[in-house]
Student: 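Before I ask anything, here is the structure I am working with.
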Amino acid sequence: MLTITGTARFVSDLHLRSERPDLTQRFASFLADTAASNVEVLYILGDLFEYWIGDDDLQDEFNAEVCDLLRSAADMGPRLCFIAGNRDFLIGAGFAAAAGITLLDEVEKVGAGGTAILLMHGDTVCTDDLPYQEFRRMVRSPQWQRQFLARPLSERRAEVASLRRRSTEAMLGKTAEIMDANADAIKAALTAHGCTRLIHGHTHRPGREAIALASGSAERWVLSDWDTGRGDALEIGPAGVRRLDLSR
């Protein structure tokens, strides 16, 4: 079980990519501030990258730059913990070792008792989007991943570009409600793990929601994406909970 004794920060959905150097600069500034603010642990809840095609792509100049940023931050003090998103679920032990981050399971519980926090990327509670959930099961299977990672980098890069185009087209035919988190799935997750607070990203619908469970009250915090003119982080510490506005 993970624990927090000091201050923790949480971010998600940065969607870093070489075509958006402004995002990388914002992330570098945020990491520097996180280290300077004596934050104990930073949780990155998925989609740090716009896409990740395998740890053997670490020699790519942009990927190496982000890896160095993370390693420098880790060397300055805060623990860096990562939950994979739907864009970078192929991040593995090689990248983690180089970047100085700890890879977490897709659902993690932090703390115990009445203050326990449940962490996830958020796509697993979007259960109304049946085509996406079917796709997710396919790409998360060990067999699919072995076959994909065995292909040359150039082929993988082209395949991801094709998948991104098809994903964009598919989203145009879906309602916002279908792509959002399912209320029953949220309650089930909180109840199953005995938590009163859920933090996730993925939906790009930042906000806070009060939730009524059979065992009492709970809350859900949704983190913002960073690449649509927005950007935030959640900070939890001795002074309570506050949302940091990181938009530019």
Side-chain angles (χ1 to χ4, degrees), residues 1-13 39-48 78-89 91-93 96 101-130 132-137 139-142 177-225 232-243:
M1 181 181 64
L2 303 172
T3 60
I4 301 173
T5 57
T7 298
R9 285 182 174 179
F10 308 81
V11 294
S12 183
D13 296 272
V39 171
E40 176 189 352
V41 56
L42 169 63
Y43 292 97
I44 303 172
L45 304 185
D47 285 5
L48 172 65
R79 289 187 289 124
L80 305 181
C81 297
F82 176 79
I83 291 179
N86 56 295
R87 303 293 188 97
D88 49 17
F89 58 87
I91 283 179
I101 64 174
T102 299
L103 300 180
L104 304 180
D105 292 334
E106 64 179 33
V107 178
E108 284 282 357
K109 180 177 179 179
V110 178
T115 60
I117 304 171
L118 191 63
L119 304 178
M120 61 177 66
H121 176 59
D123 57 336
T124 54
V125 290
C126 295
T127 55
D128 293 327
D129 192 345
L130 299 180
Y132 169 73
Q133 293 299 332
E134 182 179 356
F135 172 79
R136 187 184 191 280
R137 285 190 291 272
V139 299
R140 292 299 183 104
S141 70
E177 289 73 22
I178 286 178
M179 293 187 289
D180 200 4
N182 177 278
D184 290 336
I186 292 168
K187 291 180 181 180
L190 285 166
T191 300
H193 293 275
C195 295
T196 58
R197 178 179 287 153
L198 168 64
I199 303 174
H200 71 83
H202 180 67
T203 65
H204 299 189
R205 293 186 172 192
R208 177 190 177 276
E209 176 190 15
I211 300 172
L213 301 177
S215 58
S217 60
E219 64 178 4
R220 175 173 73 118
W221 289 87
V222 184
L223 298 165
S224 171
D225 54 296
D232 68 6
L234 198 66
E235 182 178 285
I236 299 178
V241 183
R242 66 173 181 144
R243 189 184 292 271

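What's counted below: heavy atoms across the whole structure, side chains too, no hydrogens, waters or symmetry copies.
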Student: Under the 3.5 angstrom rule, does the side chain of S12 hit a backbone N or O of L45 as a donor-acceptor pair?
Tutor: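 Flag set: sc S12 to bb L45 pair under 3.5 Å.
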Student: Can you measure from CG (L118) to CD (E108) and round to the nearest 0.5 angstrom?
Tutor: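 Between atom CG of L118 and atom CD of E108 there are 9.0 Å.
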Student: Testing the basics here: between D123 and Q133, what is the closest heavy-atom pair and its distance to 0.1 Å?
Tutor: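 Here D123 and Q133 meet closest at O-NE2, 2.9 Å.
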Student: Check whether any side-chain heavy atom of S215 sits under 4.5 Å from a side-chain heavy atom of T191, and report yes or no.
Tutor: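 Not in contact.
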Student: Is the shortest heavy-atom distance from the side chain of H204 to the side chain of D13 under 4.5 Å?
Tutor: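 Touching, per the 4.5 Å side-chain cut-off.
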Student: Quick check: does any side chain N or O of D88 sit under 3.5 Å from a backbone N or O of D47, one acting as donor and the other as acceptor?
Tutor: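 Yes: the side chain of D88 pairs with the backbone of D47.
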Student: For L48 and I44, work out which heavy atoms get closest and say how close.
Tutor: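 So the two residues come closest at CB-CG2, 4.1 Å.
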Student: Kindly indicate whether the side chain of V222, heavy atoms from C-beta on, has any atom under 4.5 Å from the side chain of H200.
Tutor: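 Counting from C-beta outward, V222 and H200 do come under 4.5 Å.
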Student: So which atom in C195 and which in K109 form the shortest heavy-atom distance, rounded to 0.1 Å?
Tutor: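 Minimum heavy-atom separation between C195 and K109: SG-CG, 3.7 Å.
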Student: Is any side-chain heavy atom of T124 closer than 4.5 Å to one of R136?
Tutor: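 Answer yes - side chains close enough.
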Student: Can you name the nearest heavy-atom pair linking F82 to I101, along with the distance?
Tutor: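 Looks like CB-CD1, 3.9 Å.
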Student: So, do N86 and H121 sit near enough that their side-chain heavy atoms are less than 4.5 Å apart?
Tutor: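 N86 vs H121: side chains touch.
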Student: Within this structure, what is the CZ-CD1 distance for the pair F10 and I83, rounded to the nearest 0.5 Å?
Tutor: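 It is 9.5 Å, given to the nearest 0.5 Å.
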Student: Please tell me if the side chains of I117 and I236 come closer than 4.5 Å, counting only heavy atoms from C-beta onward.
Tutor: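 Side chain of I117 against side chain of I236, heavy atoms only: contact under 4.5 Å found.
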Student: Looking only at heavy atoms, what is the nearest atom pair of A218 and L213, with distance?
Tutor: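 Scanning both residues completely, I find the closest heavy atoms to be CB-CD1, 3.7 Å.
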Student: Could you walk me through whether V241 and R197 pass the side-chain contact (heavy atoms from CB on, under 4.5 Å) test, one step at a time?
Tutor: CA-CA 11 Å; V241 183; R197 178 179 287 153; 3.6 Å; yes
Student: Where do I211 and R220 come nearest, in terms of heavy atoms and distance?
Tutor: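 Of all heavy-atom pairs spanning I211 and R220, the closest is CD1-CB, 3.7 Å.
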Student: Once you round to the nearest 0.5 Å, how far does CD of E40 lie from OG1 of T7?
Tutor: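 E40 atom CD to T7 atom OG1 measures 8.0 Å (nearest 0.5 Å).
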Student: Using side-chain heavy atoms (C-beta onward) and a distance below 4.5 Å, is M120 in contact with E106?
Tutor: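 The answer is no; the side chains never approach within 4.5 Å.
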Student: Taking only residues two or more places apart in sequence, or in another chain, which ones meet R9 in a salt bridge (Lys or Arg N to Asp or Glu O under 4.0 Å)?
Tutor: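 R9: salt bridge (Lys or Arg N to Asp or Glu O under 4.0 Å) contacts with D33, E235.
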Student: Atom CG of L190 and atom NZ of K187: how far apart are they, to the nearest 0.5 Å?
Tutor: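 That separation rounds to 10.0 Å.
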Student: Quick check: do T196 and S217 have side-chain heavy atoms less than 4.5 Å from each other?
Tutor: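 Answer no - side chains too far apart.
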